[in-house]
Structures are given as C-alpha cells and as structure tokens.
Amino acid sequence: MEDDADTSLPVARRAVVVGSHAGLANAVAGALFAEGVEVSRSFDDTAGPLDVLVFIARDGGPTPIAATPAPAFSAALGGELKAAFLALQRGAAAMRLTGRGGSVVFVAPASADHRAYDALQQGLRLLARSAALELGPEGIRVNMVLPGAGETPLGPPCTPADVAASVAFVASDRAHFMTGADLVVDGGRMAR
Amino acid sequence: MSGRLQGRVVIVTGATKGIGRETARLLAREGAKVSCTGRDLADGAAVVAEIRAEGGEAIFTRHDIASEADWRTVVARTEADLGGVYGVVNNAGAFFVKPLAETSEADFQGIFDINVQGAFLGVKLGFEAIARTGRRGAIVMVSSLMGQVGFPNATAYCATKGAVTGLTKTAAIEGATLTPPVRVNSLHPGVIWTPMITSQFGDDQALSDAFAADTPLRIIGLPRYMADAILFLLSDDSAHVTGIELTVDGGRGAD
C-alpha cells in the first residue's frame with residue numbers, strides 16, 4: 001500500500017555542487033534548495049542517482065602571463081580542468097541511473113586581471129560543448145554559466161545571488177532544450 | 001500565488017502562433033498583463049480567450065511590426081488598457097527558404113523590413129515606453145540559431161538575424177546607460193516545431209523525427225521551451241544579464 005502511495009509523489013531531484021569558490025557554491029546550493037532540490041556539497045556525501053551537477057571553477061590564477069612559470073600554469077589550469085573532467089564523468093554516470101537525463105553546469109567566473117586564467121575558462125567551455133554532444137542522446141545537458149567580474153555597464157558587480165539564479169535556471173527543466181550553450185551573467189561587459 | 005512577472009505589462013509581438021503564443025500564455029500564468037500583437041484578428045482573439053480562461057489578463061492589437069504608426073498604436077493602447085510597459089518580446093518575424101540565386105531584391109528587402117526594421121522599432125519604442133514608467137525594464141529579441149551560423153537556402157533570413165544580434169548588443173549597451181536601465185538580450189532558438197517551420201518544410205512526422213535525429217538532445221524543439229527561456233530573460237532571475245546571446249537549440253550549434 002505504502003509503495004502505491006509513493007509512486008504518486010513528485011520525484012525529489014538531487015544535486016551535487018562542487019568547486020573551489022565557497023561564496024558562489026553557497027549561493028548556488030541555496031538557490032537549488034529553494035527550488036526543492038536536495039543538495040550535497042561533495043560526491044562523498046551522496047551515492048546513487050543524480051539530476052544536477054554544478055562545478056564551480058576557481059576565479060583566478062597565475063598572472064601576468066609573462067611572469068608565470070610553466071609549472072604554476074600547468075598546475076593551476078591542468079588541475080582545475082582535470083577536476084572538472086572527473087566531476088563530469090562521475091556526475092554523468094550518476095545521472096544515467098535516473099533514466100531521465102540530467103543537467104551539468106560549469107561555472108567559470110571571469111577574473112579581471114588574471115589573463116592566464118582565460119585559457120581555463122575557454123578549456124572548460126569546450127569541454128562542456130563536447131560533453132553536450134556526447135551526452136545529449138542520453139538527455140544529459142551540459143552548459144556554461146560565465147559570471148563577469150568588476151563594474152559592469154549595468155552598474156555594480158554581479159552578486160553570487162545573480163549567478164545562482166542563472167545556474168538554477170540552467171539546472172532546471174525550464175532549460176529543457178538548452179545544451180552546449182553559454183549563459184553570460186556580466187551586466188553587459190562582453191557585449192561591448 | 002505570486003508569479004515571476006506579477007503585475008508587469010509585457011508586449012509580445014507575433015503572439016498569435018508558435019513561440020509567441022506559448023510565450024504570451026506562460027507570461028500571463030506568471031502574473032504578467034500581456035499585450036498580444038499580430039496580423040490575424042481571429043488568432044488574436046483566440047489567444048486572448050485562452051489567457052482569460054486561465055485567469056490571466058490580455059489584450060490583442062493588430063500589428064504590422066514594420067510600421068512605426070502601428071507600433072505607436074500598440075504602445076498607446078497597451079498603456080491605456082493595461083498600464084505602463086515593463087517589457088517587450090520582439091518575437092514576430094518572417095522566414096522563407098530559397099536558394100541565393102533565386103532570392104530577389106524584393107524578397108531580401110521584404111524580410112529586412114519585417115525582421116530588422118520591426119526589431120529596431122520594437123527596441124526604440126520599447127525604450128520610450130519603459131522610460132515613461134520611471135522603472136527598469138527588459139526587452140527580449142527572438143533571433144535564431146541562424147543569426148549565429150549559416151543555413152543552406154536561408155541567406156536573407158540569416159542576414160536579418162545577424163543584424164538583430166548587432167542591434168541587440170548595441171541596444172543593451174545604450175539601455176544600460178538609461179536611468180533606470182533597460183536590459184536587452186537575444187534568444188537564439190534552434191529548429192522549433194511551429195507554423196514558421198512547417199509552412200516552409202511541411203508538417204509531417206517523418207520530418208519532425210529527422211530534425212530530432214539531427215539534434216544532439218534527440219528531441220524536436222517545442223515553443224514551450226522558448227517561452228521558458230523568454231520568461232527567464234524578462235524576470236528578475238536575469239537581473240544582471242544584458243547584451244547576451246542565449247542559444248537554446250538542443251545542442252545543434254555546439255557541433
């Protein structure tokens with residue numbers, strides 16, 4: 001009997017939010033929770049099916065390019081790309097268990113004066129696009145959210161809450177047909 | 001229940017069919033007062049009836065988007081009947097497929113009048129109307145994946161949507177300097193199963209299946225998906241988003 005009753009309940013969606021930027025991660029976790037999603041802050045806390053993975057990349061790195069030793073560049077960018085890759089692999093495997101696809105969101109915040117970091121942003125972006133093509137047939141969507149840094153044409157810098165609202169949109173069924181795409185949250189900076 | 005656009009007045013052009021119709025209905029469900037425009041009076045009456053049946057508020061005005069006089073009529077009637085304008089969805093557009101060699105000067109000019117001049121007037125008069133409220137606002141341009149990549153036999157259409165991309169970015173930069181500011185973003189749908197597509201390619205299941213098979217997500221685009229994206233771009237969820245191209249295409253453009 002109880003089993004019968006359970007089948008009529010809405011399925012709780014589950015998310016993992018990982019990454020190195022605590023302020024953003026907290027805001028994203030809060031926004032997902034507000035939409036009724038169960039949120040874990042590491043893969044260690046969760047096992048089994050997954051609907052949403054949010055990977056938040058670091059927002060700075062070695063700078064300037066001319067003064068950055070190759071090992072520092074390699075460690076900072078290679079380490080972060082590898083972390084994203086592993087999270088993606090693990091997340092996709094857990095999403096397959098739901099039988100209803102899923103949504104992966106890479107968040108790569110811009111960094112006003114860390115130019116070597118731009119290579120990481122673009123690396124993550126192309127990893128997301130490639131994964132979108134590979135995982136699309138399974139209904140797993142992969143997108144980028146790209147927060148800007150500093151003052152913007154609209155005025156003050158965007159807040160973690162601004163970024164979180166965009167991540168929550170991309171993670172949800174409201175973005176059901178969106179994959180392999182970028183959502184820039186920068187108050188118009190990149191439009192110039 | 002309070003919706004994401006509770007009490008805000010939004011003009012939706014091309015609201016009689018396809019993406020525009022689905023958008024008008026979703027915005028109304030989210031609390032917006034919707035000023036629907038289009039060319040077909042019967043279809044316009046039908047969408048208004050649908051919205052009212054769901055408890056929403058809407059009006060319809062006949063509208064040639066290439067006509068500034070028509071735009072002024074739409075805005076005046078919206079302000080009189082629904083109140084000050086918060087947002088504009090510049091959705092109406094023309095589409096045809098024809099090889100470049102067979103596309104006449106008249107074909108080319110005709111589609112520019114609708115897709116580019118219509119979009120230009122929508123932003124210009126949208127800015128004016130929003131400024132009269134003394135509050136911030138948001139404008140969404142419904143462009144196309146074909147404003148970002150090429151598509152065979154759609155030279156004129158792709159050119160118009162490329163123009164809309166430049167128009168959007170410039171309007172976003174100017175809109176950000178207004179007090180209060182107006183956000184302007186473009187949505188780039190992939191293949192969405194609407195009369196715009198079926199009128200050119202045919203309305204049969206095999207074709208729909210072929211489009212789905214050619215899309216990484218393996219599904220055909222539905223107007224509802226675009227309505228959700230337009231709602232996001234109008235709502236406070238995107239309060240810091242302006243001047244962007246939001247591609248929602250099932251992954252077609254990522255290839």
Side-chain angles (χ1 to χ4, degrees), chain A residues 31 34-35 101 103 125-148 151-170 172-192, chain B residues 4 26 136 145 165-166 168-192 213 215-222 224-229 231-233 235-255:
Chain A
E35 297 206 349
S103 177
R125 195 167 161 258
L126 287 176
L127 178 61
R129 286 175 72 143
S130 301
L133 296 175
E134 183 178 316
L135 302 172
E138 298 178 81
I140 297 172
R141 303 184 292 106
V142 189
N143 291 288
M144 290 299 296
V145 170
L146 295 161
E151 297 290 310
T152 72
L154 266 187
C158 64
T159 65
D162 288 323
V163 178
S166 286
V167 173
F169 165 72
V170 176
S172 77
D173 279 345
R174 292 180 283 144
H176 189 70
F177 199 55
M178 177 178 170
T179 195
D182 300 332
L183 173 47
V184 179
V185 189
D186 73 344
R189 249 180 112 91
M190 274 172 52
R192 294 180 298 192
Chain B
R4 290 175 195 266
L26 179 65
R136 71 207 157 77
L145 179 61
T165 303
T168 303
K169 293 203 186 300
T170 305
I173 295 164
E174 289 192 25
T177 68
L178 301 174
T179 311
V182 179
R183 299 184 297 108
V184 189
N185 293 293
S186 55
L187 174 68
H188 299 260
V191 176
I192 309 300
T215 301
L217 279 182
R218 301 288 187 265
I219 53 177
I220 186 76
L222 298 177
R224 172 59 197 252
Y225 307 151
M226 300 305 108
D228 280 325
L231 170 63
F232 168 74
L233 290 173
S235 76
D236 294 341
D237 287 340
S238 63
H240 220 83
V241 176
T242 195
I244 73 158
E245 298 169 43
L246 185 64
T247 305
V248 183
D249 66 347
R252 260 183 113 85
D255 207 347

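Residue numbers begin at 1 in each chain, while the letters A, B, ... track the order of the sequences.
Closest approach of B:Leu145 to B:Gly253, counting heavy atoms only: CD1-CA, 3.9 Å. B:Ile219 approaches B:Tyr225 most closely through the heavy-atom pair CD1-OH, 4.0 Å. Looking at every heavy atom in both residues, B:Ala176 comes nearest to B:Pro181 through O-CB, 4.0 Å. Scanning both residues, B:Pro189 and B:Asp249, for their nearest heavy atoms gives C-CB, 4.5 Å.
Between B:Phe232 and A:Phe169, the ring planes are parallel. Angles under 30° get that label, and only those over 60° would be called perpendicular.
Atom CD of A:Glu35 is surrounded by more than 12 heavy atoms from other residues, nucleotides or ligands within 6.0 Å.
Side-chain contact of B:Ser238 with B:His240: a donor-acceptor pair under 3.5 Å is absent, judged by distance alone.
In terms of heavy-atom pairs under 4.5 Å with chain A, the best-connected choice from B:Leu178, B:Thr215, B:Leu217, B:Val248 is B:Leu217. When the candidates B:Leu231, B:Asn185, B:Ile173, B:Asp236 are compared by the number of heavy-atom contacts under 4.5 Å with chain A, B:Ile173 comes out ahead. Of the listed residues (A:Glu138, A:Arg141, A:His176), the one with the most heavy-atom contacts under 4.5 Å to chain B is A:His176. Per-residue heavy-atom pair counts under 4.5 Å with chain B were compared for A:Thr152, A:Leu135, A:Asp182, and the maximum is reached by A:Thr152. Interface summary for chain B: among A:Ala181, A:Cys158, A:Gly180, A:Gly188, the most heavy-atom pairs under 4.5 angstrom belong to A:Cys158. Heavy-atom pairs under 4.5 Å with chain B were tallied for A:Thr159, A:Val163, A:Asp162, A:Asn143; the largest tally goes to A:Asp162. Listed options A:Val185, A:Leu133, A:Asp186 were ranked by heavy-atom pairs under 4.5 angstrom with chain B; first place goes to A:Leu133. Comparing A:Gly155, A:Ala165, A:Ala132 by how many heavy-atom pairs each has under 4.5 Å with chain B, the most go to A:Ala165. The choice from B:Asp255, B:Thr247, B:Leu222, B:Ile192 that makes the most heavy-atom pairs within less than 4.5 Å of chain A is B:Asp255. No other option in B:Arg4, B:Glu245, B:Met226 has as many heavy-atom pairs under 4.5 Å with chain A as B:Arg4.
If you measure heavy-atom distances from B:Ile220 to chain A, the contacts under 4.5 Å come from the backbone alone. In this structure, chain A has a heavy atom under 4.5 Å from the side chain of B:Arg183, while its backbone stays farther away.
Interatomic distance, OG of A:Ser172 versus CE of A:Met178, reported as 10.0 Å (0.5 Å rounding).
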